[in-house]
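Input: a single structure, listed below in structure tokens.
Values below: all heavy atoms of this structure, side chains included; hydrogens, waters and symmetry mates excluded. Lettering of chains follows the sequences in order, A, B, ..., and the numbering in each one begins at 1. All values derive from a computational prediction rather than experimental measurement.
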There are 2 protein chains.
Amino acid sequence: MPNAENRRAARPVRTTRRRPPATIYEVARKAGVSIATVSRVQRRNAPVAEATRARVLRAIDELRYQPSALGRSLAMGRHGATGIVFPDLSGPYYSEVILGFEEQTAAEGKSVLILGTHGRDQATDLVRDLAARVDGLVVMGRTIPDAEVAALEEQHVHVVMLARPPTGGADSIRTENRQSARDLARHLLDHGHRRICFIGDPSSSPDAAERWTGFCEAFAEAGLEPPAAPTVSSFRETDGRRAALAVLGDGEAATDGDTAGGGKKLRADRPTALFCANDEIALGAYGACAELGLRIPDDIAITGWDDIPIARYLTPPLTTVRQPLRELGARAARALLEITAGERNSPIHQVLPTELVVRASCGCERDEGKPDRGGDPN
Amino acid sequence: MPNAENRRAARPVRTTRRRPPATIYEVARKAGVSIATVSRVQRRNAPVAEATRARVLRAIDELRYQPSALGRSLAMGRHGATGIVFPDLSGPYYSEVILGFEEQTAAEGKSVLILGTHGRDQATDLVRDLAARVDGLVVMGRTIPDAEVAALEEQHVHVVMLARPPTGGADSIRTENRQSARDLARHLLDHGHRRICFIGDPSSSPDAAERWTGFCEAFAEAGLEPPAAPTVSSFRETDGRRAALAVLGDGEAATDGDTAGGGKKLRADRPTALFCANDEIALGAYGACAELGLRIPDDIAITGWDDIPIARYLTPPLTTVRQPLRELGARAARALLEITAGERNSPIHQVLPTELVVRASCGCERDEGKPDRGGDPN
DNA sequence: TTGTAAGCGTTATCAT
DNA sequence: ATGATAACGCTTACAA
């Protein structure tokens, strides 16, 4: 057995001599009752005589007793916590989703654990470990393979898929992509553009894949031949810049750090519009155009996706597609809370609508109001 | 708000009848050993015969055994998790800090719990509850009162203060404010400005208070009389706009929703420069100026704080002060990991340097390169 | 090298 | 209304 002696003695003195936290036993002894009674006093429902309750309460107060979350969870068989897993945690996308998720979950008195896999190869282990600490978790996109999701469910961890099509018996919450992409591409076609380049990586995420599909469908509907393939780029600004430079410039080395850009030589067959898979890529494209001396939207039209806060402040303001990010997180939370509470035993699948936000970067003149964004709390 | 119509209804019951997760006992029985041996196989250090280990490993695999984090934590007396508490979770500030915090903590194999108090009055209870689930936690700014921090330490929860001066025996990590604020205000004075207005709320956070102090010191150093008081505003864009409208306009109702603004009438004694306590406020000020027909920086200079991603994309680009946000989170994590690991028993206090980022909104011409920002992972 | 058994701090089921 | 006491799943002296 773990020797209690050691535990309390060993610590190399932090000036304030702190005694170990009080347990339910100490409270019981001090109040002259059994631990069962102390426990009852804590759980509201149980019947306890007013007098006893008062005594116990006083003991609790004097001992500054705080029940052990561990002991309680073990006894009850539930963690009272949920987790959310993302491939990455940087950027406006995640913070909004997390915000929505946390708000809902905390309101329910549950704790929130977050995990970013950051492309680490032990991602599966990390997720598995997280799963062992929560009653259920939300997994985003292609963070982990389908098989792993199944394994998780096997382990009795309720899981909700975020921005990913249904898998197994898990709930799923996504935003609409295909139709919006089709509308946006159609909009570009209506502007008269014919050589439109899709910048993004359909193989990197379900969302990107659907945007690419919708993009192609717009061409088909217009009786046009869609581009054979997308110009691959991750969802990062620097990568977007590189990709834009590649399709617009004439191949002069466009190294990442090369501020001078690839010179001003432009490709003859360059596209007249760039359909970026997200706003960060569009941001990179803006930079590339600046380097190449291309004016937006006169020389080239650009569209993004997400409507991140920066979008409306760019010059020209970025035409994009807004996703209800916070709502996405909130719904994921609600779904998870429902299943962990056993209120539902058959999976539901939701697809939240997105909204085309037409600004000036596509060639339109329109613009609109101002938003409020949360901020530095200090 | 998206419609719930698309919630697809019930597919019969969850088909997979899931048996409860395997325990260490089942593994032991299946492998023909004692639970102690199974436990030993899991903790690497313990000596176990190769043959036995193999048998146990196989049983673990077949049973898909995953040790209970609860049981383990209870037995070991540690949670293997840390928490971080913010007053709010929206905006670029938090996401960056959290990112830095999570990276460090996850790398150590520990889980991360996050909590936003969102001004809820039960904030203290929420924090106390969180504290019961972690080995230590980081508390930002004025989320909870000093007394509560002390109480937490009493409960054996290690705490690290973030963006807040030292309290009790807790570690503290902050960014430099006073000197930078002085430098920035001085810069404005050097531009010839004399009526400079500080927009922010010193009473809302230690950071804001220090910025106000430094701001005033710059005047004193220049032999000038500093403004008597700041123009109070929370850290939000809408509030910043309202405040800016109040000091610049001549009092026409500047209601929040009033897109038309307060007309074009300007105050005669209006300031020639706005020193905003953070970038969000500056953003609101930009909007206010647009409404009032004031050109930046010709008619009025504006500065912010934080250097949020949007800052460099504004027209004109915003002069501001950059804080090492991710580093702030990372350091907080490291400090926490050190104390929970018992590697240190006397508190340390760090103040990270900030960097003045001069762009065009203050009246300077300079500008600089492009950044990369994390993003939508889909 | 391996097994036995005593905790860890709760909740919950019995009796009383 | 209250008290014993058995779980809950694990780690770890100590014995064998």
Side-chain angles (χ1 to χ4, degrees), chain A residues 1-10 20-57 59-60 63-80 129 131-133 135 155-156, chain B residues 20-57 59-60 63-80 129 131-133 135 155-156:
Chain A
M1 70 159 171
N3 59 351
E5 306 311 68
N6 263 351
R7 278 200 198 160
R8 20 199 92 182
T23 73
I24 197 171
Y25 285 97
E26 312 182 41
V27 175
R29 194 154 43 80
K30 179 150 203 157
V33 299
S34 75
I35 61 167
T37 299
V38 176
S39 183
R40 288 193 189 97
V41 170
Q42 303 249 297
R43 331 274 107 257
R44 314 189 143 272
N45 57 356
V48 180
E50 233 2 277
T52 353
R53 145 164 293 125
R55 244 183 318 146
V56 172
L57 249 24
I60 285 180
L63 260 33
R64 284 192 162 61
Y65 168 68
Q66 177 93 25
S68 152
L70 247 26
R72 183 190 316 244
S73 292
L74 185 57
M76 299 198 307
R78 22 173 52 264
H79 297 266
D129 181 85
R133 317 174 143 269
D135 296 321
Q155 301 287 323
H156 289 73
Chain B
T23 72
I24 197 172
Y25 287 96
E26 310 181 41
V27 175
R29 192 152 45 78
K30 179 149 203 156
V33 299
S34 75
I35 60 169
T37 300
V38 176
S39 182
R40 290 195 188 96
V41 169
Q42 305 249 299
R43 337 270 98 256
R44 37 164 92 196
N45 57 351
V48 180
E50 240 351 286
T52 343
R53 146 164 290 130
R55 244 183 319 144
V56 172
L57 249 24
I60 286 180
L63 260 33
R64 284 192 160 63
Y65 168 69
Q66 177 92 25
S68 153
L70 248 26
R72 182 191 308 241
S73 293
L74 187 56
M76 299 198 308
R78 26 175 46 265
H79 296 266
D129 182 82
R133 318 175 143 269
D135 297 319
Q155 300 288 321
H156 289 72

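Distance CD/B:Gln42 to CG/B:Leu57: 8.0 Å, rounded to 0.5 Å.
Nucleic acid contact class of B:Ser39 (heavy atoms, under 4.0 Å, all strands): base. Heavy atoms of A:Ile24 sit under 4.0 angstrom from at least one base atom. Nucleic acid contact class of A:Gln42 (heavy atoms, under 4.0 Å, all strands): none.
B:Arg72 approaches B:Pro67 most closely through the heavy-atom pair NH2-CG, 3.2 Å. Taking all atoms of both residues into account, the shortest heavy-atom contact from B:His79 to B:Ser73 is O-OG, 3.6 Å. Taking all atoms of both residues into account, the shortest heavy-atom contact from B:Pro47 to B:Arg40 is O-CD, 4.3 Å.
Straight-line distance from the CZ atom of A:Arg78 to the C1' atom of C:dT11: 13 Å, rounded to whole Å. Distance CZ (B:Arg72) to P (C:dG9): 18 Å, rounded to an integer number of Å. Protein atom CD of B:Gln155 is 14 Å distant from nucleotide atom C1' of C:dG9, rounded to whole Å. Whole-Å rounding puts the B:Leu63 CG to D:dG9 C1' distance at 15 Å. Remark: P of C:dG9 and CG of B:Leu70 are 14 Å apart, rounded to the nearest angstrom.
In terms of modelled atom types and a separation under 3.5 Å, the side chain of B:Arg133 and the main chain of A:Gly80 share a donor-acceptor contact.
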Legend entry - Nucleotide-resolved protein contact map, nucleotides 2-8 of chain D, B/S/- at heavy-atom distance under 4.0 Å: BBBB--B

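Residues passing the salt bridge (charged side-chain N to carboxylate O under 4.0 Å, His left out) test with B:Arg64, sequence neighbours excluded: none. Partners of B:Arg53 under the salt bridge (charged side-chain N to carboxylate O under 4.0 Å, His left out) rule, at least two apart in sequence or in another chain, are B:Glu50. Contacts of A:Asp135 classified as salt bridge (charged side-chain N to carboxylate O under 4.0 Å, His left out), with partners at least two apart in sequence or in another chain: A:Arg78, A:Lys110.
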Would you be so kind as to tabulate the donor-acceptor pairs closer than 3.5 Å made by side chains of residues 24-31 of chain B, with sequence neighbours excluded?
from	atom 1	to	atom 2	distance (Å)
B:Glu26	OE2	B:Thr23	N	3.2
B:Lys30	NZ	B:Glu62	OE1	3.4

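Terminal axes of the helix from C:dT1-D:dA16 to C:dT16-D:dA1 (five pairs each, C1' rotation axis) are separated by 40°, to the nearest 10°.
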